[in-house]
Enquirer: 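Before I ask anything, let me first share the structure, which is written out below as structure tokens.
Keep in mind that this is a model prediction, so the values were computed, not measured. We count residues from 1, following the sequence as given.
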Amino acid sequence: MSRSSPKPQFTLTAAELSALTGVATDTVKQHAGRGAPHRKQGGRKPRLFNLEAYNAWRRENQLTGRRGRPCKPHTASMEEAKLRKELALAERHELAVDRLRSQLINESQHVAVCAALASTAVSRLRRLPSEVGPLLTGLSGAEIEDAIDLAVRGICESLADPSSYRIAPMGGST
């Protein structure tokens, strides 16, 4: 006489199974529609489930009960793919950081550039009378004002040109 394994007893309602597994009652009912083992009682009586059979079905179908979080088998190829993705993301981040470093200067470089800019402005403004003075003889007040304004604008425009100030990127030599 051979002993067969006992048939699972279907005694839990969807609500009871939900409470035991942490899966929403509606999800348990959807799983039944997708093939989870259950027993229909007929009429308006609720379906009945077996906890062990239901959990086995979930494992077979790679369902954890959390939305969007299927239980994935951990295979070597999956782990390799995850590693490749992480490495690619890290490389992308490093490139972004390198790109930012080339756009930033350190504080001492900034101070040096500002000092050079101020020194150049003072020097050029001090030379203004000797450069513009001879051109002003015989001009009216309005013409003198226009000539000085034009000379000062020329100085300001040349100082505003960033290409005249070389700034080394951060981490580079000053």
Side-chain angles (χ1 to χ4, degrees), residues 14 18-36 54-55 57-174:
S18 173
L20 290 172
T21 60
V23 177
T25 304
D26 288 341
T27 304
V28 170
K29 291 176 182 177
Q30 289 173 2
H31 288 169
R34 291 174 51 192
Y54 179 73
N55 283 336
W57 179 86
R58 283 178 46 204
R59 280 190 300 277
E60 289 170 11
N61 289 276
Q62 300 175 0
L63 299 171
T64 62
R66 293 182 300 169
R67 184 175 199 164
R69 304 274 185 199
C71 178
K72 298 175 187 156
H74 293 286
T75 62
S77 62
M78 181 61 97
E79 293 301 319
E80 289 170 3
K82 284 182 180 180
L83 180 61
R84 282 193 307 273
K85 178 183 176 185
E86 289 299 319
L87 291 173
L89 289 173
E91 183 178 3
R92 185 171 131 195
H93 178 70
E94 287 172 9
L95 288 172
V97 169
D98 288 344
R99 199 174 303 121
L100 283 175
R101 280 191 182 134
S102 70
Q103 295 173 359
L104 301 176
I105 60 172
N106 64 30
E107 183 181 2
S108 63
Q109 290 172 321
H110 175 70
V111 170
V113 168
C114 289
L117 181 63
S119 174
T120 304
V122 168
S123 170
R124 299 228 16 225
L125 288 172
R126 283 188 177 151
R127 289 190 314 225
L128 187 63
S130 63
E131 291 175 356
V132 179
L135 303 173
L136 302 178
T137 53
L139 298 178
S140 68
E143 293 171 327
I144 291 172
E145 189 178 331
D146 288 341
I148 293 173
D149 186 49
L150 183 63
V152 170
R153 282 184 191 201
I155 292 170
C156 291
E157 287 173 3
S158 67
L159 293 174
D161 180 16
S163 66
S164 61
Y165 300 96
R166 188 173 188 300
I167 301 171
M170 276 185 85
S173 60
T174 51

Enquirer: Heavy atoms, side chains only, cut-off 4.5 Å: are V23 and R58 in contact?
Expert: yes
Enquirer: Quick one: side chain to side chain donor-acceptor pair (under 3.5 Å) pairs with a partner in residues 133-144, sequence neighbours left out?
Expert: S140-E143
Enquirer: On a heavy-atom basis, which atom in P129 and which in L125 lie closest, and how many Å separate them?
Expert: CD-O, 3.6 Å
Enquirer: Listed by chain and number, what are the side chain to side chain contact (heavy atoms under 4.5 Å, CB included) partners of A14, not counting sequence neighbours?
Expert: T25, V28, K29, F49
Enquirer: Considering all heavy atoms of both residues, which atom of H31 and which atom of Y54 are nearest to each other, and what is their separation?
Expert: ND1-OH, 2.6 Å
Enquirer: So, using side chain to side chain contact (heavy atoms under 4.5 Å, CB included) as the criterion, who are the partners of L20 when residues are at least two apart?
Expert: L12, L51
Enquirer: What are the two closest heavy atoms between A24 and S18, and how far apart are they?
Expert: C-OG, 3.6 Å
Enquirer: Only counting residues at least two apart or in another chain, list the ones meeting salt bridge (charged side-chain N to carboxylate O under 4.0 Å, His left out) with D98.
Expert: R101
Enquirer: Show me the side-chain donor-acceptor pairs of residues 90-97 shorter than 3.5 Å, one per line, residues at least two apart or across chains.
Expert:
none

Enquirer: Of all residues at least two apart in sequence or in a different chain, which pass the side-chain hydrogen bond (donor to acceptor under 3.5 Å, both in side chains) check with R153?
Expert: D149
Enquirer: Hey, could you give me the CD1/CG distance between I148 and L136, rounded to the nearest 0.5 Å?
Expert: 5.5 Å
Enquirer: Taking side-chain hydrogen bond (donor to acceptor under 3.5 Å, both in side chains) as the definition, give me every residue that meets it alongside S77, ordered by chain and number, with sequence neighbours left out.
Expert: T75
Enquirer: Output the distance between atom CG (L83) and atom CD (E79), rounded to the nearest 0.5 Å.
Expert: 9.0 Å
Enquirer: As an exercise, state the distance from CG of L139 to CD of E145, rounded to the nearest 0.5 Å.
Expert: 12.5 Å
Enquirer: So which pairs with a foot in residues 114-127 pass salt bridge (charged side-chain N to carboxylate O under 4.0 Å, His left out), sequence neighbours left out?
Expert: R127-E131
